Amino acid sequence: MTTRPVDRTAALDPNWWRQAVVYQIYPRSFADANGDGIGDLSGIISRIDYLAALGVDAVWLSPFYPSALADGGYDVDDYRDVDPKIGTLDQFDILVAGLHAVGIKMIIDIVPNHSSDRHAWFVEALAAEPGSAERDRYIFRDGRGPNGDQPPSDWESVFGGSAWQRVPAGQWYLHLFAPEQPDLNWSNNEVREDFLTTLRFWGDRGVDGFRIDVAHALTKDLPDELPSQDQLHADGAFAEGAHPIWDRDEVHEVYAGWRKVFNSYDPPLAAVAEAWVPAHRRVRYASPDGLGQAFNFDLLQALWDRDQFKKIIADNLELAGRSGASSTWVFSNHDVIRHATRFGLASDELDADSLLPVAGRDWLKDGGPADREDRALGLARARAATLLALALPGSAYLYQGEELGLPEVADIPADRRQDPTFFRTAGDQIGRDGCRVPLPWTSDGPTFGFGGSEAHLPQPAWFADFAADRQDGVLGSTLELYRRALELRHRLQGSEELEWVATEPDLLVFRRPGGWLSVTNFGSEPVQLPAGEVLLLSEPGPIGLLPGNATAWLQES
Ligand code: NOJ
């Protein structure tokens with residue numbers, strides 16, 4: 001493994017995030033140092049060399065806070081501590097210092113829409129009377145019906161089932177996600193102030209930025225007479241920015257306050273919004289007066305189709321320009337089916353609920369029989385797609401394991417599943433466990449080098465084929481492709497311009513400053529490569545040709 005020299009000036013660069021490659025770590029599934037089946041901070045510390053050799057610029061650490069794991073850690077008991085199951089604050093400091101020492105920044109997840117039901121505030125709220133200051137930190141309502149035993153509205157939670165939960169013989173509280181995730185009341189000043197304290201707490205500990213969970217749901221405006229679920233979802237029922245729950249304009253007042261905190265650090269802290277809003281509404285989240293950047297999940301929902309890719313890229317570059325931010329590119333994360341599988345599922349349309357090709361839902365439910373999944377094709381397209389995205393201006397967000405070409409694990413038995421979506425929909429939505437299976441580091445051993453004798457989610461036998469040690473140093477492996485791509489990107493990356501190059505229908509070709517050319521063949525037949533020195537190919541092919549489902553990087557003379 002070679003590691004590029006640490007660039008000390010990048011540490012002080014206020015724009016470091018604009019074209020950063022950010023590697024998402026889902027801590028419980030990355031590396032388990034103490035062998036209890038759950039990944040931990042020491043496990044991550046032991047893999048800092050791996051991250052440095054991969055060549056990423058930053059790590060985004062998904063929640064590591066104390067949590068009962070009702071939603072994989074997005075149910076936070078305490079925003080200013082580390083889950084004892086996975087480490088300590090001291091280990092967190094060692095991790096940040098270790099990453100910084102090799103030139104890698106640290107972004108952490110902030111979950112402001114809801115706490116967990118074990119958070120001290122919620123415990124106090126339950127012990128307090130209706131109408132009390134303690135209850136006002138959450139969203140409590142009386143129930144309907146003579147005994148108040150009907151929920152305040154028919155709203156469904158994102159994970160299925162009612163969005164209201166009753167406390168014993170009392171009021172109901174709102175939970176847009178699981179019942180263990182009560183929504184906080186962002187009209188309450190104490191809630192607002194406390195999050196500023198949390199941001200400073202982590203900023204002072206040396207983190208470089210934040211990923212903001214459900215950034216578009218914080219500020220709600222719930223009238224006494226609540227609209228129905230149908231009204232909530234009806235097109236045009238509410239003016240833009242005035243929906244009772246999602247994407248209200250006032251949320252930007254919150255982020256303007258956060259920005260002041262971010263800018264009190266040197267360099268300013270970075271932030272990226274997870275905001276599922278229409279593309280044009282992303283601009284405000286990404287504004288320099290707000291969070292500064294917002295995820296664009298468009299490629300994550302795209303089929304393998306040249307025209308779709310081209311439009312998404314062009315639209316997002318334009319939107320990013322409008323906000324003053326850089327764009328983000330992401331194919332995989334802890335919430336969606338891995339892209340090496342997605343691109344190998346036969347389908348020509350997407351299922352809106354699951355963000356999967358329509359074939360994907362049935363494929364997952366059936367435990368992934370191979371006839372609907374072309375694994376080789378999926379991997380080839382995933383490699384090509386990643387290479388394409390890594391040539392774009394903006395930040396690229398990678399999800400742990402994609403550098404191994406890891407497919408989704410479909411055949412997880414029901415009694416080993418963890419995702420609340422699976423349980424709250426009685427298995428109708430299979431959930432997200434299949435992309436959260438602990439990583440294979442070695443091709444042998446009880447947990448493929450993850451640690452311990454049994455991982456918290458079962459790893460299939462075929463994980464051996466994707467293990468990091470099988471790919472390390474192997475020319476053409478996905479791991480070596482990612483390493484080489486990140487090394488080259490670092491060297492070639494200049495200003496943020498992109499120029500489209502006109503070509504035949506199946507090809508997508510663009511030029512970056514300095515004559516860096518990216519050519520993707522969305523078709524299945526090989527095509528002639530344009531003139532230039534070939535720097536990298538996602539699939540090998542005869543000299544001068546680019547195979548189908550492949551990307552090449554070239555240097556024009
Ligand atoms: C988005 C996160 O990415 C997801 O994993 C989580 O379940 C929800 N927000 C709720 O926090």
Side-chain angles (χ1 to χ4, degrees), residues 22-30 39 60-79 83 107-119 122 138-139 155-161 163 165 173-184 186 195 198 210-218 220 245-247 251 271-277 282 285 291 294-297 300-301 328 330-338 353-355 397-401 408 417-425 429-437 456-457:
V22 184
Y23 182 89
Q24 182 191 356
I25 292 185
Y26 190 73
R28 292 172 180 81
S29 299
F30 186 69
W60 150 27
L61 190 62
S62 281
F64 51 86
Y65 310 105
S67 170
L69 302 183
D71 179 24
Y74 284 88
D75 44 323
V76 178
D77 299 349
D78 181 349
Y79 291 95
D83 192 336
I107 293 175
I108 60 168
D109 229 305
I110 294 286
V111 190
N113 179 66
H114 41 265
S115 73
S116 84
D117 60 349
R118 307 197 315 174
H119 190 286
F122 196 70
Y138 292 90
I139 302 173
W155 296 355
E156 282 167 27
S157 90
V158 174
F159 292 157
Q165 176 80 21
Y173 64 87
L174 179 72
H175 58 89
L176 291 182
F177 295 90
E180 295 87 351
Q181 295 167 296
D183 279 54
L184 286 159
W186 276 84
F195 271 89
T198 294
F210 303 102
R211 175 262 189 195
I212 313 303
D213 190 64
V214 214
H216 56 312
L218 273 47
K220 303 179 180 74
I245 297 176
W246 305 109
D247 192 26
V251 81
V272 57
E274 186 221 19
W276 291 87
V277 297
R282 251 182 245 141
Y285 293 87
L291 294 175
F295 278 122
N296 119 48
F297 292 122
L300 179 151
Q301 299 172 72
T328 58
V330 41
F331 287 108
S332 282
N333 63 31
H334 65 297
D335 288 334
V336 296
I337 188 168
R338 285 183 176 277
D353 291 337
S354 60
L355 303 182
Y397 284 79
L398 310 179
Y399 176 52
Q400 66 179 37
E408 186 82 359
R417 289 202 174 266
Q418 300 175 8
D419 190 344
T421 320
F422 177 75
F423 300 105
R424 291 184 61 80
T425 62
Q429 299 277 325
I430 204 80
R432 302 159 294 177
D433 296 314
C435 64
R436 299 174 176 183
V437 175
H456 69 97
L457 280 167

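Model, not experiment: these values are computed from the prediction. Counting starts at 1 for both ligands and their atoms, in listed order.
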Practice task
Give the residue and atom name of whichever protein heavy atom lies nearest to atom 11 (O) of ligand 1, and the separation in Å to one decimal.
Solution key: D213 OD2, 2.7 Å
Handout entry: Aromatic ring proximity Y74/H334, centre distance under 6.0 Å
Key = yes
Practice task
Identify whether NZ of Lys or CZ of Arg in R424 sits under 6.0 Å from the centre of the six-membered ring of F159 and within 45° of that ring's axis.
Solution key: no
Fill in the blank from the handout: Separation between CZ (R211) and CH2 (W60), nearest 0.5 Å, reads 4.5 Å
Practice task
Look at the side chain of D433 and the backbone N and O of D419, then say whether any donor-acceptor pair between them is shorter than 3.5 Å.
Solution key: yes
Handout entry: Contact partition for F159 relative to ligand 1, non-hydrogen atoms under 4.0 Å
Key = side chain
Exercise for the section: Please determine, by modelled atom types, if Y26 and D109 share a side-chain donor-acceptor pair under 3.5 angstrom. Expected result: no
Practice task
Mark up the atoms of ligand 1 that fall under 4.0 Å of a heavy atom belonging to R436, in ascending order.
Solution key: 5 (O)
Problem - Numbering as shown, the atoms of ligand 1 that approach V214 to under 4.0 Å (heavy-atom distance) - result: 9 (N)
Exercise for the section: Could you check whether the rings of F122 and Y138 sit parallel, tilted or perpendicular, using 30° and 60° as the cut-offs? Expected result: perpendicular
Exercise for the section: Please confirm whether Q24 comes under 4.0 Å of ligand 1, counting heavy atoms of the residue only. Expected result: no
Exercise for the section: Tell me which protein heavy atom sits closest to atom 6 (C) of ligand 1, plus the residue, atom name and distance to 0.1 Å. Expected result: D71 OD2, 3.4 Å
Fill in the blank from the handout: For H114, the ligand 1 atoms with a heavy-atom partner under 4.0 Å come out as 10 (C), 11 (O)
Practice task
Would you please classify the geometry between the F30 ring and the Y23 ring as parallel, tilted or perpendicular, with 30° and 60° separating the classes?
Solution key: perpendicular
Completion exercise
among protein heavy atoms, the one nearest atom 3 (O) of ligand 1 is D335 OD2, 2.5 Å
Completion exercise
The atoms of ligand 1 lying under 4.0 Å from a heavy atom of R432, numbered in the order shown, are 4 (C), 5 (O), 6 (C), 7 (O)
